[in-house]
Each structure stands twice: as structure tokens, then as C-alpha cells.
Amino acid sequence: MKKTIGLLITVCCSVVSFAQTQLDSVQYLDVIALSDIKLKQNAAGFKVTVLTDSVLSENTSNFTDLLRFNSNIYFKENGYGMVSSPSFRGTNASQTAVIWNGININSQLNGQTDFNTINTNNINQVVIRNGGGSVQYGSGAIGGSVHLDNRLSFTKHLKNDVKLNYGSFESKNISLVTDYGQDKFAFNLGVNFIDSDNDYKYLDSDKINENGAFKNLSLNVNLGYFISEKDVIKLYHQSFIGEREFSGTTATPSNSKYKDENSRSMLEWVRTHQNYKSNFKVAYLKEYFEFYQNKNSEFFTFGQVNTFLAKHNFNYKLSKQISVTSILDYNLFKGEGSSFGNPERSIFSATGLLQYNPSANLNLGFNVRQDVTSDFTSPLLFSMDALIGITENYKIKINASKNYRVPTFNDLFWQPGGNLDLVPESSYQFDLGHVLDFNWLQLQLNTYYIKSKDLIQWKPNISGFWSPQNIAEAHSYGAEVELTISKKVNNHQFRFSSNYSYTVSENLETNKQLIYVPFHKANATLAYGFKRFSAHYQQLFNGDVFTTSDNLKGPFYSLQSYNVANLGVNYKLLQHFNHELELGLKVNNLFNKLYQNVAFRPMPNRNFNIQLHYKF
């Protein structure tokens with residue numbers, strides 16, 4: 001391992017030193033500056049889906065619903081607005097990485113991101129990257145990754161966006177986004193407040209969601225400034241303050257409450273030259289929670305992690321066909337909590353990326369990464385991908401990789417039950433994709449296979465406490481289809497998008513399907529626009545899922561499939577120069593279907609949302 005690390009560092013330093021001599025010309029940065037450059041330059045052989053502005057604007061609910069109706073990702077949600085956990089290609093929530101402006105923000109406590117703590121009104125772009133990405137994005141990027149990017153536009157403009165929402169269950173949502181820019185300076189600010197009683201009725205019963213109220217406040221501030229023709233400094237900040245009452249089940253009431261505070265601050269220096277691009281980031285992240293078993297009591301348990309990060313990306317064009325990238329990354333995690341003491345962890349990683357484009361119809365990528373971690377040995381990671389243009393309209397995407405996930409602080413130190421003998425999970429995966437693109441029609445078909453070992457599972461030990469063990473091996477395989485059709489006829493605009501996934505994810509010790517992994521999941525959206533009027537219809541089908549590892553069927557062992565539909569209509573009351581006022585109405589669960597995506601936790605009945613959206 002030491003030899004590998006030494007070789008990678010030597011290569012990185014050599015590239016940097018050589019590039020410093022190439023200062024004979026000036027090149028300006030892109031007008032739109034994104035922080036996650038690797039997503040654009042080093043993912044040619046991967047399935048990457050960008051959710052457009054029109055898709056984001058149709059979402060008046062939460063981030064979970066946005067992805068549930070517009071991607072292949074399956075979500076477990078402990079009642080509406082509660083903890084939301086993704087399942088990507090049959091993997092679990094801690095095997096899905098969430099990337100904010102190029103850095104991994106998965107919790108160091110439980111290894112995942114709660115998607116109900118992310119507000120898309122303050123995010124400019126959401127990108128879904130299918131397949132393993134641990135080489136570029138570190139621990140947890142096994143099934144796939146979700147990318148949240150804030151764009152800075154260095155053109156002269158001033159835009160303001162205000163949204164006022166009111167809906168069923170006394171739900172209120174207020175959002176303000178301001179975006180300003182000129183040649184050398186860009187700035188955007190987003191503030192969002194949500195408050196809901198969330199006391200929806202449980203269909204086919206006389207019960208309601210009695211302890212489900214939630215409220216949160218989120219803030220995004222981003223700015224950039226050109227300090228020279230080749231250098232720009234960017235600052236990103238995101239804060240989230242939330243309070244939720246935790247819903248009980250249909251059989252067991254709850255009186256608990258959960259408070260969480262998350263903040264992320266990152267300073268970035270980008271230097272761009274004709275042949276190279278240097279990107280240096282320093283960041284500070286904090287996650288903190290308080291859990292009250294009795295919301296009326298002053299007693300609570302808590303946990304927090306402070307993360308200090310330094311990261312340098314250096315991309316150099318050796319020729320028109322070949323470019324290389326070095327990434328040096330250092331993370332220091334300091335934890336403190338009622339149930340796990342004061343753990344610390346440091347991770348240094350060195351990554352090398354090679355991109356080779358011998359022709360317009362062939363793009364090849366070769367990547368390697370080695371981590372040095374303070375508390376265990378990390379495996380050498382690699383990935384290879386290719387984009388092959390067969391015809392003008394037909395392309396093939398291929399990628400293969402080795403990925404991993406490190407045990408979290410909860411896995412190692414939770415008392416009682418933590419296990420200090422755990423080793424990282426690892427997996428190998430292969431993905432083959434076919435892409436048809438006819439401008440008005442895009443069709444993607446992907447088939448994949450993932451083999452995982454040393455999976456971490458929590459099980460009762462001989463003392464009766466639940467404890468994590470490296471005991472399981474699993475494999476996942478399946479197919480994904482994504483179809484998008486867009487047509488404009490005179491003033492009439494039509495858009496149809498759909499996703500379907502077939503997923504087999506089995507424990508190889510038992511040959512049983514893993515719990516909460518549906519064999520079939522599909523969604524579709526039909527949108528129509530005519531002058532000032534627009535409308536959209538969404539449909540979601542979720543197949544049966546098992547809730548116990550023995551794969552028995554029945555109300556106590558599995559959840560039945562369900563179909564859920566939403567309908568939204570919008571009308572622009574004002575459309576004059578730079579002023580636009582739009583009124584929208586959305587009906588969720590249109591046909592009032594009873595459904596659950598976690599056992600004994602019903603989701604809302606039919607409900608309404610009214611939105612007033614003003615752009616100026």
C-alpha cells in the first residue's frame with residue numbers, strides 16, 4: 001500500500017510541477033461555474049441523469065418525492081416528512097453517496113443522508129449518477145450518487161424568485177431565492193421555511209398521524225469573485241435547522257422528538273489555464289442532533305461530528321486526446337455523543353484519473369484511488385469506463401469498478417453494541433448501457449451486476465444487544481430503462497418521461513431477496529404547456545417488497561404493491577418583461593390510495609397544495 005501511495009503522490013506532484021511552466025496564455029473560466037468538475041469530465045461511461053429546471057419546478061413537495069417520481073431510486077420513509085432512506089440498485093442508504101458541490105456529505109454517524117433534510121429550492125442542479133463512484137467520491141458511493149450543485153453565473157443579471165405554498169394538514173412553505181451577477185462577481189442567496197402539522201388521516205381507519213409535525217429552516221449563500229483573469233474565489237455555505245416529532249406506527253404511538261442542525265461551509269480557489277485547471281477546497285461541516293424520547297421532557301441524547309476537509313484537484317491536458325487529473329484529499333472527523341464517546345478519524349486519499357479521447361466516437365477513462373485511514377486498512381480502488389459512438393444517434397456506455405464503504409462511528413463505537421473489529425464493505429460492479437438520442441427522443445437501457453462482500457448488518461449478539469457484524473455477502477443485478485420524449489407543435493409543448501427498473505438483490509447465504517428492495521419500480525410524467533397554461537400528471541408504481549429476511553408473504557412480512565398519482569396545473573397570471581406571476585394547484589395521491597413504503601407507517605391520503613410563484 002505504501003508503495004502505491006508513494007507512486008500516486010509522485011505522479012500528482014510531477015504533473016503539478018510540469019504544468020507550472022506552461023503559463024504562456026490566458027483562458028477565462030466558464031460563464032457558468034460548477035464546483036463538481038469530475039461529474040462532467042470523468043463520467044462518460046456512466047449513466048448520468050440531470051433533472052431539468054422544469055422538473056424541479058413541478059416539485060412542490062420534498063426532495064424525496066422529487067426523486068421518487070423522477071428516478072429509479074426507491075425510498076423508505078418512516079411516514080411523510082420523517083427519515084427518508086434511499087435504495088439504489090438494491091443497495092442500502094449508506095451505500096448511496098450524496099455529493100454537495102463536489103464533496104461527500106453522508107453522515108459520519110449512520111453513513112447516510114436523510115433526503116428530507118435537503119431543500120431543492122436552494123439547489124440549482126440535481127444530477128443522478130448510476131453505478132459505483134468510490135474512486136471519485138469516496139466511501140458509500142456503491143449503488144450510485146446524487147449530486148447537488150450551486151451554479152454561479154458571471155454575466156450581468158439580477159433575478160429574484162419567491163414561492164408561497166399552502167396545503168393540506170396546515171402545511172406552509174415560503175421560499176426566497178436571489179441571484180445576481182456581473183463580469184467578475186456572482187452571488188446567490190436562498191432561504192426556505194417549512195412548517196406542517198402533518199396530521200393526515202390513516203385511510204381505512206379512524207386514526208390520524210398524531211405525532212408527525214415538523215418544521216425547518218434552510219439557508220444557502222454562494223458567491224464568487226474573479227481576483228484575476230485566471231483565478232476565481234468561491235464561497236459556499238448551507239445551513240439546516242429542523243425539528244420533527246417522530247411518527248409512531250399504526251400499532252404503537254410515539255411521543256418522541258428529534259432536532260438536527262447541519263451546516264456546511266466551503267472556500268474554493270479555481271485557477272484556469274489553457275492546458276490545466278487547478279481547484280483547491282477547504283471546508284468545515286457540522287452535523288448535530290438531539291433526540292427526546294418524550295418531547296415534553298428536557299432529557300435528550302445527542303451526537304455530533306465536526307469535519308475538516310482539504311482537497312486539491314489538478315487537471316492537465318497532455319494533448320487534445322489525453323488529460324490527467326490528480327486528487328489529493330484529507331479529512332479529519334471529530335465526534336462526540338451520548339452513546340459513542342469521542343471518536344476521531346482521519347483519512348488521506350490520493351487519486352489519479354486518466355481520460356483518453358482518441359476520436360469523436362470514443363472516450364475512455366482509467367482511474368485509481370488509495371485511502372490511508374487512521375483506524376483500519378482501506379482497499380485499493382479502481383474504475384474503468386468507455387463511451388463508444390456506434391452511429392450519430394446510438395452510443396454504448398460501459399463501466400466497471402471496485403467500491404467500498406467504511407464502518408461509521410455508530411457501527412464502531414455505539415454503546416452498547418459497537419464492534420471495533422469491523423472491516424470496510426467492498427464491491428465489484430459492471431454496467432452496460434445503450435443510449436439512443438434523436439433530439440426529440442432519448443432512450444437509455446442499462447444492465448448491471450454488483451457483487452458485495454463484508455456487508456455490515458446489525459443483529460442480536462449473545463448478550464442480547466444489537467451489534468454490527470461483517471457477515472453477509474450479496475449480489476444485485478437488474479435493468480433500468482429511461483425514456484424522454486419532447487415535442488413542440490406551434491404553441492403546444494408536450495413532454496413525457498418515464499423510468500423503469502427491475503432489481504434482484506439477494507443475500508448469497510440465504511438466496512433471499514433483501515428487505516425493502518422491490519423487484520419492479522416504474523414512474524411516468526406527462527407534461528403539457530400552452531401559452532400561459534401548463535399541467536402535468538405523475539404516476540408511480542412500486543412492486544411488492546419483503547419486510548423480513550425469510551421472504552414470507554403476508555401483512556406482517558411484506559408490503560403490497562401500490563400505484564400513486566399526482567396532478568398539477570399552473571397558470572401565469574402575469575407575464576410582462578422581467579415579471580412573471582404564476583398560480584399553481586397540485587393534488588397528491590389523486591385517487592386516495594392507501595399505501596406504505598415502510599411497514600405499519602401509512603403515507604398521506606389525498607392532499608392539496610396551492611403555490612404562488614413570482615419571478616422578477
Side-chain angles (χ1 to χ4, degrees), residues 3-46 48 99 101-103 129 133-138 147 149 224 226-234 266-282 309-330 348-360 362-371 380-387 399 401:
K3 292 182 178 179
T4 304
I5 294 293
L7 177 61
L8 284 171
I9 293 176
T10 300
V11 171
C12 295
C13 294
S14 298
V15 171
V16 172
S17 300
F18 174 73
Q20 296 303 315
T21 64
Q22 307 297 313
L23 299 175
D24 55 349
S25 62
V26 174
Q27 179 172 319
Y28 291 90
L29 291 179
D30 295 337
V31 173
I32 303 294
L34 287 178
S35 184
D36 192 357
I37 303 301
K38 301 186 299 297
L39 185 61
K40 178 181 178 180
Q41 297 180 346
N42 300 101
F46 291 83
V48 175
I99 310 301
N101 292 308
I103 62 173
R129 184 184 189 272
S134 288
V135 171
Q136 289 93 340
Y137 301 108
H147 300 253
D149 292 315
F226 276 93
I227 58 177
S228 75
E229 294 177 329
K230 294 176 289 187
D231 300 273
V232 61
I233 298 293
K234 293 185 279 184
M266 182 170 68
L267 183 64
E268 181 179 29
W269 171 31
V270 180
R271 182 177 178 85
T272 299
H273 191 266
Q274 182 177 3
N275 295 322
Y276 74 85
K277 187 167 188 175
S278 172
N279 181 303
F280 180 69
K281 301 176 182 179
V282 290
L309 176 152
K311 186 173 186 177
H312 182 251
N313 290 24
F314 188 88
N315 175 264
Y316 184 77
K317 293 182 180 180
L318 295 174
S319 67
K320 291 183 179 180
Q321 292 80 30
I322 301 176
S323 66
V324 293
T325 301
S326 66
I327 305 173
L328 302 178
D329 192 351
Y330 177 77
F348 171 78
S349 66
T351 305
L353 312 176
L354 171 66
Q355 206 68 31
Y356 178 47
N357 308 103
S359 69
L362 184 61
N363 191 323
L364 304 173
F366 305 92
N367 315 308
V368 63
R369 172 184 177 127
Q370 179 65 68
D371 286 4
L380 178 68
L381 306 178
F382 67 86
S383 70
M384 300 171 286
D385 66 280
L387 173 64
N399 67 80
S401 60

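Everything numeric in this text was worked out from a predicted model, so none of it was measured. Each residue takes its place number in the sequence, starting with 1.
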Please report the interatomic distance [atom1]([X]) to [atom2]([Y]), rounded to the nearest 0.5 Å.
X: F348; Y: L328; atom1: CZ; atom2: CG; answer: 5.0 Å
X: Y316; Y: S326; atom1: OH; atom2: OG; answer: 13.0 Å
X: K230; Y: Q274; atom1: NZ; atom2: CD; answer: 11.0 Å
X: E229; Y: T272; atom1: CD; atom2: OG1; answer: 12.5 Å
X: Q136; Y: N313; atom1: CD; atom2: CG; answer: 10.5 Å
X: I327; Y: F314; atom1: CD1; atom2: CZ; answer: 13.0 Å

Shortest non-hydrogen separation from [X] to [Y] and the atoms involved:
X: A44; Y: L387; answer: O-CB, 3.7 Å
X: S134; Y: L381; answer: CB-CD1, 3.7 Å
X: I103; Y: K281; answer: CG2-CD, 4.4 Å
X: N42; Y: R129; answer: O-NH2, 4.0 Å
X: M266; Y: N101; answer: CE-O, 3.5 Å

Taking N399 for the side chain and G45 for the main chain, is one N or O donor matched with an acceptor at less than 3.5 Å?
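Flag set: sc N399 to bb G45 pair under 3.5 Å.
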Flag, side chain of R369 to backbone of V135, donor-acceptor distance under 3.5 Å
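Pair found, side chain donor or acceptor close to backbone of V135.
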Is there side-chain contact between [X] and [Y], with heavy atoms separated by less than 4.5 Å?
X: N367; Y: T325; answer: no
X: D329; Y: T351; answer: no
X: R271; Y: Y276; answer: yes

Counterpart residues, side chain to side chain contact (heavy atoms under 4.5 Å, CB included), relative to F366 (two or more places apart)
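Scan of F366 (side chain to side chain contact (heavy atoms under 4.5 Å, CB included), adjacent residues dropped) gives L354, L364, M384.
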